[in-house]
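In what follows, a single structure is set out as structure tokens and then discussed.
The figures that follow rest on heavy atoms only: side chains count, while hydrogens, waters and symmetry mates do not. It should be emphasised that the depicted structure is a prediction, and the values quoted were computed from it without experimental measurement.
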Amino acid sequence: MNLIYKSTRGGEGVTASQAILKGLADDGGLFVPSQIPVLDVPVEELAKMTYQEVAYQVMKLYLTDFTEEELKSCIDKAYDSKFDAEEIAPMVYADGAYYLELFHGATIAFKDMALSILPHLMTTSARKNHVDHEIVILTATSGDTGKAAMAGFADVEGTRIIVFYPKDGVSPVQEKQMVTQKGKNTFVVGIHGNFDDAQTGVKKMFNDKELAAVLDKNGYQFSSANSINIGRLVPQIVYYVYAYAMLVHNEEIQNGEKINVVVPTGNFGNILAAYYAKNMGLPIDRLICASNENKVLYDFFSTGTYDRNRDFVLTSSPSMDILISSNLERLIYKAAGDDPKKNAELMAALSGEGKYEITSEMKEALKDFYGNYASEAETAAMIHDIYEDTGYVIDTHTAVAAAVYKKYIDATGDMKKTVIASTASPFKFARSVMTAIDEKYASMEDFELIDELSRIADVEVPKAVEEIRTASVLHTAQCDVDEMEATVKKWLNIQE
């Protein structure tokens with residue numbers, strides 16, 4: 001049976017491959033499956049499978065217009081030796097929780113889990129739909145999506161990729177990873193603004209019908225590698241299913257035993273994937289949403305009001321420095337009883353007044369979620385304490401999750417087995433991590449810190465970091481927010 005994808009704001013249904021190609025629906029909504037499929041393989045069977053085999057069992061239920069051969073080919077090309085761990089997503093038990101390490105890919109962040117397969121899903125989708133235009137991947141990044149997307153799409157035939165990032169809003173390693181990216185089809189631009197400015201500018205271009213017509217005339221069409229693309233969300237569901245199956249395989253839990261999941265999130269895609277896994281029948285109890293000092297999601301789950309009208313805080317966990325959580329729209333649509341009209345009203349309020357309030361019925365539909373946040377001091381203390389107590393080193397984003405998990409236990413006394421999504425390697429944020437462990441490291445140079453981190457954690461410096469130590473800067477473009485469209489046109493050499 002073919003699963004149809006609908007926009008959260010209405011409109012006609014499309015196939016999975018069409019949704020992947022479009023990225024964003026024509027009405028500005030996000031594509032969601034007409035129903036969330038149920039896992040059709042028993043957990044005890046999944047527990048015997050490799051990551052790649054679990055990926056197929058999950059993704060075949062969502063990408064129903066892909067043949068078995070097409071989907072397995074995409075999976076095999078994605079989850080290969082690019083990952084430095086055979087399990088792809090290994091789990092480490094430390095300090096009372098299971099850390100699901102999602103950073104063993106080419107760019108040492110969880111975005112690799114989906115962005116290593118998205119280019120293959122997209123080029124397969126283009127062939128299936130007889131697309132003859134060049135696909136231009138247009139992406140805003142708060143630090144990790146950009147590099148992971150470029151690593152995936154670099155020199156992929158029939159595609160180009162443009163990444164906008166906040167010039168002063170990412171870590172030194174994140175920036176160096178992006179501006180040294182090779183590939184004739186890659187273009188990186190630092191904008192004078194924050195991530196929300198970049199994301200708003202990108203969405204504006206996606207929704208511009210006149211721009212679409214100009215692109216079409218010049219042989220191009222836009223698509224997205226951001227987590228608004230359903231081709232990003234579906235692969236993320238896989239690792240929650242895999243994590244549960246591994247806990248059963250390792251006899252850490254009984255099959256059917258409920259677990260909790262903690263996810264550090266800004267754009268809400270990573271925790272939404274866990275919510276979809278739960279709705280597929282995976283025994284997840286609470287979904288613990290961890291925010292940094294940009295605590296718009298914590299306030300939303302506490303009050304039922306989403307309000308982006310607040311100061312934007314630059315933190316040590318920059319991938320979560322976000323005030324407009326795009327993927328939350330998919331949850332709002334579900335909480336509204338799959339009502340596109342109600343959802344569109346709320347999104348119009350967010351766009352206009354910068355806030356909206358959900359009904360008490362909708363709030364009741366979100367009771368599986370618990371939200372909290374960690375301050376900068378709490379984040380640093382968590383890195384320090386876990387290292388001191390266990391020798392395990394976590395990055396700043398994972399530390400936000402660990403700190404919120406502690407608050408959750410204090411608030412509820414709930415001691416169920418818990419998986420924490422460990423979303424980035426500590427090497428990506430070495431300065432913040434090392435100074436949290438000991439202030440004496442503050443005077444060291446960036447790569448000195450990386451070598452010292454390798455020594456104290458007894459972990460090799462990842463290839464992704466080693467490569468940028470001496471890499472040449474290839475991208476120096478910068479622009480103001482209102483120059484984003486002109487910058488895209490200039491790079492594509494577009495004639496009006």
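Tyr408 and Tyr405 have parallel rings, their planes meeting at less than 30° on a 0 to 90° scale where 60° marks the start of perpendicular.
A donor-acceptor contact closer than 3.5 angstrom is absent between the side chains of Asn229 and Arg232. Side chains of Asn294 and Asp321: a donor-acceptor N/O pair is present below 3.5 angstrom, by distance only.
Under the side chain to side chain contact (heavy atoms under 4.5 Å, CB included) test applied with Asn292, the options Thr315, Val404, Ile322 reduce to a single match, Thr315.
Checking side-chain atoms of Glu293 against main-chain N and O of Glu376 turns up a donor-acceptor pair under 3.5 Å. The closest donor-acceptor contact from the side chain of Glu357 to the backbone of Tyr306 lies at 3.5 Å or more, if one exists at all. A distance-only check finds no donor-acceptor pair linking the side chain of Tyr79 to the backbone of Ile117 [under 3.5 Å].
Of the charged side-chain nitrogens involved, at least one lies within less than 4.0 Å of a carboxylate oxygen, so that Asp40 and Lys60 count as a salt-bridged pair. Look at Arg9 and Glu329 and you find a salt bridge, because one of the NZ, NE, NH1 or NH2 atoms lies within 4.0 Å of a carboxylate O, short of that distance.
Annotation: cation-pi geometry not satisfied between Lys295 and Phe301 (NZ/CZ under 6.0 angstrom from ring centroid, within 45° of ring axis).
The shortest side-chain heavy-atom distance between Tyr441 and Ile456 falls under the 4.5 Å cut-off.
The distance from atom CG of Leu115 to atom OG1 of Thr107, rounded to the nearest 0.5 Å, is 8.0 Å.
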